[in-house]
Number of protein chains: 2
Amino acid sequence: MAMAESEAMCPERLVMEHVTSRWGTLALIALLDRPHRFSELRREIGRVSEKMLAQTLRTLERDGLVHRDARPVIPPRVDYSLTDLGREAAEQVRDLARWTERRLAAVERAREAYDATRP
Amino acid sequence: MAMAESEAMCPERLVMEHVTSRWGTLALIALLDRPHRFSELRREIGRVSEKMLAQTLRTLERDGLVHRDARPVIPPRVDYSLTDLGREAAEQVRDLARWTERRLAAVERAREAYDATRP
DNA sequence: CTGTATCCATTTGGATACTG
DNA sequence: CAGTATCCAAATGGATACAG
């Protein structure tokens with residue numbers, strides 16, 4: 001996630017970066033399918049550290065895109081789901097992901113052509 | 001741009017990251033309007049270093065999303081424009097950007113509510 | 001199980017100087 | 001003008017250990 005947030009950045013660009021961040025996109029797409037527990041998301045996304053997933057989910061929750069439901073049981077159980085706002089964002093992200101899937105072959109051809117003309 | 005590309009990453013996730021990268025999104029949206037010269041893009045995007053803009057444009061060109069037209073004149077003149085493939089991607093990115101614009105107020109309310117319940 | 005804290009490697013990205 | 005090269009600071013992000 002481009003989570004720098006340091007300083008003077010246009011606020012809407014910030015939302016955009018949360019939504020389009022590496023783990024943000026994958027979390028939103030996974031949650032579009034159904035709610036997930038923390039560990040389910042980790043498995044489904046694959047190769048994401050606990051730290052980054054927690055950080056990503058907190059940011060998305062703060063932006064009002066993800067709802068966090070922590071149940072006071074032992075062992076702890078936390079379910080994540082999309083809010084209405086989050087669903088709108090997730091659908092667009094999923095569409096973009098589907099586009100890259102559809103056009104992947106064309107991109108790979110372009111890369112080969114590009115590389116062929118260079119050292 | 002999450003331009004790491006280091007290693008074993010699913011190739012379609014890679015395309016996605018180029019398209020959704022910080023400078024990638026802004027370049028695509030600017031080019032959707034009309035072709036731009038390098039320095040025009042720099043001004044329009046704002047606060048992007050020459051290095052990052054050049055890197056971003058090269059990546060998008062390699063992926064077949066951006067067309068680079070370098071004219072052999074002095075002083076050098078290079079025009080960047082979208083390919084058909086790039087236009088498809090750019091339109092989706094622009095839609096997502098418009099969404100964040102429309103929903104910015106809702107996100108900011110969510111943030112305030114979130115922050116209000118915390119130290 | 002769901003996190004947080006710490007440490008550390010890698011990556012990003014800006015500033016500057018320079019070239020064709 | 002349109003970059004490339006270099007250097008360096010800052011941010012990202014993984015591994016590990018630990019806590020509630």
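Bear in mind the structure is a predicted one, so any value in this text is a computation, not a measurement. Just so we're on the same page: letters track the sequence lines, and every chain starts at 1.
Between B:Arg22 atom CZ and C:dT11 atom C1' there is a gap of 13 Å when expressed in whole angstrom units. In this entry the distance linking CZ of A:Arg43 with C1' of C:dC1 reads 11 Å, nearest Å. For B:Met52 and D:dG3, the CE to P distance is 15 Å, given to the nearest whole Å. Atom CD1 in A:Ile45 sits roughly 15 Å away from atom C1' in D:dG14 (whole-Å rounding). For the pair A:Arg58 CZ and C:dT2 P, the computed distance is 15 Å after rounding to whole Å. Atom CD of A:Glu17 is separated from atom P of C:dG13 by 9 Å (rounded to the nearest Å). To the nearest angstrom, P of D:dG13 lies 13 Å from CG of A:Leu53. One atom, NZ of B:Lys51, and another, C1' of C:dT16, lie 12 Å apart when rounded to the nearest Å.
Residues passing the side chain to side chain donor-acceptor pair (under 3.5 Å) test with B:Arg87, sequence neighbours excluded: none.
Comparing the start and finish of the helix from C:dC1-D:dG20 to C:dG20-D:dC1, five pairs each, the helix axis swings through 50°, to the nearest 10 degrees.
Under 4.0 angstrom from either OP1 or OP2 of D:dG3 there lies at least one side-chain N or O belonging to B:Tyr80. Of the side-chain N and O atoms in B:Arg37, one or more sit less than 4.0 angstrom from OP1 or OP2 of D:dA2. Regarding contacts with the backbone of D:dC1, every side-chain N or O of B:Ser39 stays at 4.0 angstrom or more from both OP1 and OP2.
Side-chain atoms of B:Thr100 do not come within 3.5 Å of backbone N or O of A:Met16 as any donor-acceptor pair.
For the pairing with B:Asp79, the side chain to side chain contact (heavy atoms under 4.5 Å, CB included) check across B:His67, B:Arg37, B:Arg68 returns one residue only, B:Arg37. Exactly one residue among A:Asp63, A:Thr59, A:Thr25 makes a side chain to side chain donor-acceptor pair (under 3.5 Å) with A:His18. That residue is A:Asp63.
Taking for each of B:Glu50 and A:Arg42 the nucleotide of DNA chain D with the nearest heavy atom, the 5'-most of the two is the partner of B:Glu50.
The closest side-chain donor-acceptor pair between B:Glu44 and B:His36 falls under 3.5 angstrom.
Taking the charged nitrogens against the carboxylate oxygens, B:Arg62 and A:Asp115 do have a contact shorter than 4.0 Å, which makes a salt bridge. The residues A:Glu101 and B:Arg13 are annotated as not salt-bridged, no charged nitrogen and carboxylate oxygen being separated by less than 4.0 angstrom.
A cation-pi arrangement, defined by a distance under 6.0 Å to the six-membered ring centre and an angle within 45 degrees of its axis, is absent between B:Arg42 and B:Phe38.
For the pair B:Trp99 and A:Ala89, the tightest heavy-atom approach, listed with the atom from each and the gap, is CH2-CB, 3.5 Å.
For the segment residues 63-75 of chain A, no residue has any heavy atom less than 4.0 angstrom from an atom of DNA chain D.
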